[in-house]
2 protein chains.
Amino acid sequence: MKRSSIKDIAKLAGVSVATVSYVLNRKEGQRISEETRKKIFKIAETINYTPNKIAKSLKTNKTKLLGLIVADISNDFYSHIARNLEDKALKLGYTLIIGSSDENAEKFKKLTELFSQQQVDGMIVAPVSGSENTLENLINIKYPIVTIDRYLKGVAVPGITINNQEIAESTAGLLLNKDFDKIIYIGYETELPHLLDRQHGFEKAVGSSGKTVEMHYLLVGLENITREVHSQLKSMLGNAPENTALYFSSNKLAVAGLSYIVKNNISVPEQVSVVAFDETDAYNLFPTEITYIQQPIEEMAEEAIKLLDTQIHDYTATGKRVTLSAKLVSRASLKNNQL
Amino acid sequence: MKRSSIKDIAKLAGVSVATVSYVLNRKEGQRISEETRKKIFKIAETINYTPNKIAKSLKTNKTKLLGLIVADISNDFYSHIARNLEDKALKLGYTLIIGSSDENAEKFKKLTELFSQQQVDGMIVAPVSGSENTLENLINIKYPIVTIDRYLKGVAVPGITINNQEIAESTAGLLLNKDFDKIIYIGYETELPHLLDRQHGFEKAVGSSGKTVEMHYLLVGLENITREVHSQLKSMLGNAPENTALYFSSNKLAVAGLSYIVKNNISVPEQVSVVAFDETDAYNLFPTEITYIQQPIEEMAEEAIKLLDTQIHDYTATGKRVTLSAKLVSRASLKNNQL
DNA sequence: CTGAAAGCGCTTACAG
DNA sequence: CTGAAAGCGCTTACAG
């Protein structure tokens, strides 16, 4: 594979590489005569010139590359985040490098190192438990970083979050007002603040209601989440539950839980009402339309890129956080959902 | 953001940059005295040195970056492909840049240009209709390319495919042998060879059986696939279908179709048997376990990376194609599925 | 209106 | 065992 360079064009046009560079970068319209401009463009086209951004990057210290670290790109939520980020990034001339951390702090660190070596202009990350130090080191050297979805306690880095606690609290309130005989909460056992926020919001509503709710916590990143959820539901619901509400704090948990419901012919919302955090196409295959909490993914992506771009051009470690609002999409899986 | 360079280390260690480079790259174990080696490593660590791969790339003409172009990264199938490619690539020291073409030849071309400017060492692409020229130009300059999932007619480029025609034919044969009163095929109206292969395989089996099958074709990349499939099924199935079989040629079509079935309380497989190409988590929420054709995604990713790596190290435009086998996962949605 | 030259951070033959 | 030097393909003050 042989690539042509600015030098080749210069030689063919009988001008200096400087001139070629000026023309190709469309700088200072008046600088170069229209004649040479035309000649240069034509030659560039005929020899099929593509600029070497690597060389440019070395000189300008900008790569126009952005690193994205998610927990797992094959997860619905993150692949949609990635897709939206890709679009927004492209608009500002950035290209995305994507890596999956697998909820592993060591792998997370490796990815940041990799990205840093590739000289990405900035990173958008969904940090994992135990990656506080990694993030802090990046902040210390003023590497432009923005968190998305998640954040870490005590680490002052700009980022995008949603109103986790608030939306969980109001949703819980909705459930508590509907006089269910039993409310079951299926969430994660985790240190991740954004998940704890959701949990605390839920608990707060429960506390002030004076009612009891069965809370169940599963480990984040569990191998066989489905089996785990099934066995939990089996002991809690049995085969003939009545007037019960089920709250899932992620779409993965919801899919696992709904598959149990389907397999056991439990009817929704007659026997069990269901509310879930986050959406997924899978809901469409469930007999009842699922009530879920919808995150503003496109907006999150837009704000994340905007915030990162700002950091790149003018680094100020303010730890500015943007909070967006998730909303409850009320559908048939929640009884009397018009109330 | 201030980064330290090899020069900083050289100065601190009182040696030349050449020496530092040799040590850090662990070349020729004997060359440098153990003493200086240790000193250099220590200094590198204390000043937190990260190599600038951009500079290295400029010199070595290798970036260790791979470009991946899929139709849409938020699509289940492609996000899983991407995830597996990411893992395999990392093992060989490559990092993935990902872009979505949206089935748009112009966007596909733009992405290849972008990747080429970023000097990716090679590309893994799922080409779109109309991108023959783009691919050919890349091949002409001997850019290492591997196709995955799809391929294009008349373009000799190495790639990974599955036995599309064969698996579609044998699956169709299975359906035709089960004396359904009606068999309905829902596929795509497309020029994409891999999809045509599937269609032709299906048609071949139908032809040799002497039976009739209702074939329906939808445009690839349709905006509202769900509505379209619903309206098709409404006219073909009505509300009380009997002894009917439904074949979907992608997971997206299947999800659309199954949501119709769910909403209309049609029972599977009692009234309608269902077979789909490709899988998705969503199947878990459907009351009956879905019979589907499973592609060997991990193996496809492994072979793609291997093939591309080979091309990168020794370019020979042989157009070598690797064909892997998809297999039918037989479950309850197909009546008498033990036969 | 245009060119010569330095320099971005590395690698690597070559010389000693 | 180690260093001086060229060069990868660009950009950009500076000089004319």
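Only a predicted model underlies this, so the values are computations on that prediction, with no experimental measurement involved.
Salt-bridge formation is not detected for the pair B:Glu35/B:Lys42: no Lys NZ or Arg NE/NH1/NH2 atom is positioned less than 4.0 Å from an Asp or Glu carboxylate oxygen.
Within the structure, salt bridge (charged side-chain N to carboxylate O under 4.0 Å, His left out) contacts touching residues 114-130 of chain A (residues at least two apart or in different chains) do not occur. For residues 47-76 of chain B, the salt bridge (charged side-chain N to carboxylate O under 4.0 Å, His left out) pairs, not counting sequence neighbours, are A:Arg83-B:Asp72.
Regarding contacts with the backbone of D:dT11, every side-chain N or O of A:Thr60 stays at 4.0 angstrom or more from both OP1 and OP2. OP1 or OP2 of C:dT11 sits under 4.0 Å from a side-chain N or O of B:Asn25. For the OP1/OP2 pair of C:dC10 and a distance below 4.0 Å, the side-chain nitrogens and oxygens of B:Tyr49 include at least one atom meeting the criterion. Taking side-chain N and O atoms only, A:Ser33 has a distance below 4.0 Å to OP1 or OP2 of C:dT2.
For the pair A:Lys39 NZ and C:dC1 P, the interatomic distance rounds to 15 Å; values are reported in whole Å. C:dT2 atom C1' lies 19 Å from atom NZ of A:Lys11, rounded to whole Å. Atom NZ of A:Lys62 and atom P of D:dG9 are 24 Å apart (whole Å). The nearest whole Å value for the distance from the NZ atom in B:Lys7 to the P atom in C:dT11 is 15 Å. Spacing between atom CZ of B:Arg37 and atom C1' of D:dC1 amounts to 12 Å, rounded to whole angstrom units. As a whole-Å value, the separation of B:Lys53 NZ from D:dC8 C1' is 18 Å. The nearest whole Å value for the distance from the CD1 atom in B:Ile9 to the P atom in D:dT2 is 16 Å. The CD1 atom of A:Ile54 sits 15 Å away from the P atom of C:dG9 (whole-angstrom rounding).
Take the nearest nucleotide of DNA chain D for A:Lys56 and for B:Gly14: the residue whose nucleotide is more 5' is B:Gly14.
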Practice item. List the steps, then state whether salt bridge (Lys or Arg N to Asp or Glu O under 4.0 Å) holds for A:Arg37 with A:Glu34. Key: CA-CA 5 Å; A:Arg37 296 171 66 80; A:Glu34 201 49 36; 3.6 Å; yes
Exercise for review: Any chance you could lay out the salt bridge (Lys or Arg N to Asp or Glu O under 4.0 Å) test for A:Lys109 and A:Glu106, step after step, and finish with the verdict?
Suggested key: CA-CA 5 Å; A:Lys109 190 175 170 208; A:Glu106 197 47 49; 5.0 Å; no
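Side-chain contact check for B:Pro127 versus B:Thr147: some heavy-atom pair is nearer than 4.5 Å. Annotation: side chain of A:Tyr78 is in contact with side chain of A:Asp149 (closest heavy-atom distance under 4.5 Å). With contacts defined as side-chain heavy-atom distances shorter than 4.5 Å, the pair B:Val157/B:Tyr151 does not qualify.
The side chain of B:Ala55 approaches C:dC10 more closely than any other nucleotide in the set C:dC10, C:dC8, D:dC8. Of the candidate nucleotides D:dG9, D:dT2, D:dT11, D:dG9 has the atom nearest to the side chain of A:Leu58.
Backbone-only engagement by B:Thr36 is indicated by non-hydrogen atom pairs under 4.0 Å involving sugar-phosphate atoms exclusively.
In this view, A:Glu298 and A:Lys88 satisfy the salt bridge (Lys or Arg N to Asp or Glu O under 4.0 Å) rule, not counting sequence neighbours. Contacts of B:Lys306 classified as salt bridge (Lys or Arg N to Asp or Glu O under 4.0 Å), with partners at least two apart in sequence or in another chain: B:Glu303.
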**Study point:** Per-nucleotide pairing state of DNA chain C [Watson-Crick or G-U, under 3.5 Å; [ ] pseudoknot-crossing; | other strand]
**Key:** |||.||||||||.|||
Please tabulate the protein-to-nucleotide N/O contacts below 3.5 Å involving nucleotides 4-7 of chain D, giving atom names and distances.
from, atom 1, to, atom 2, distance (Å)
D:dG7, N3, B:Lys59, NZ, 3.3

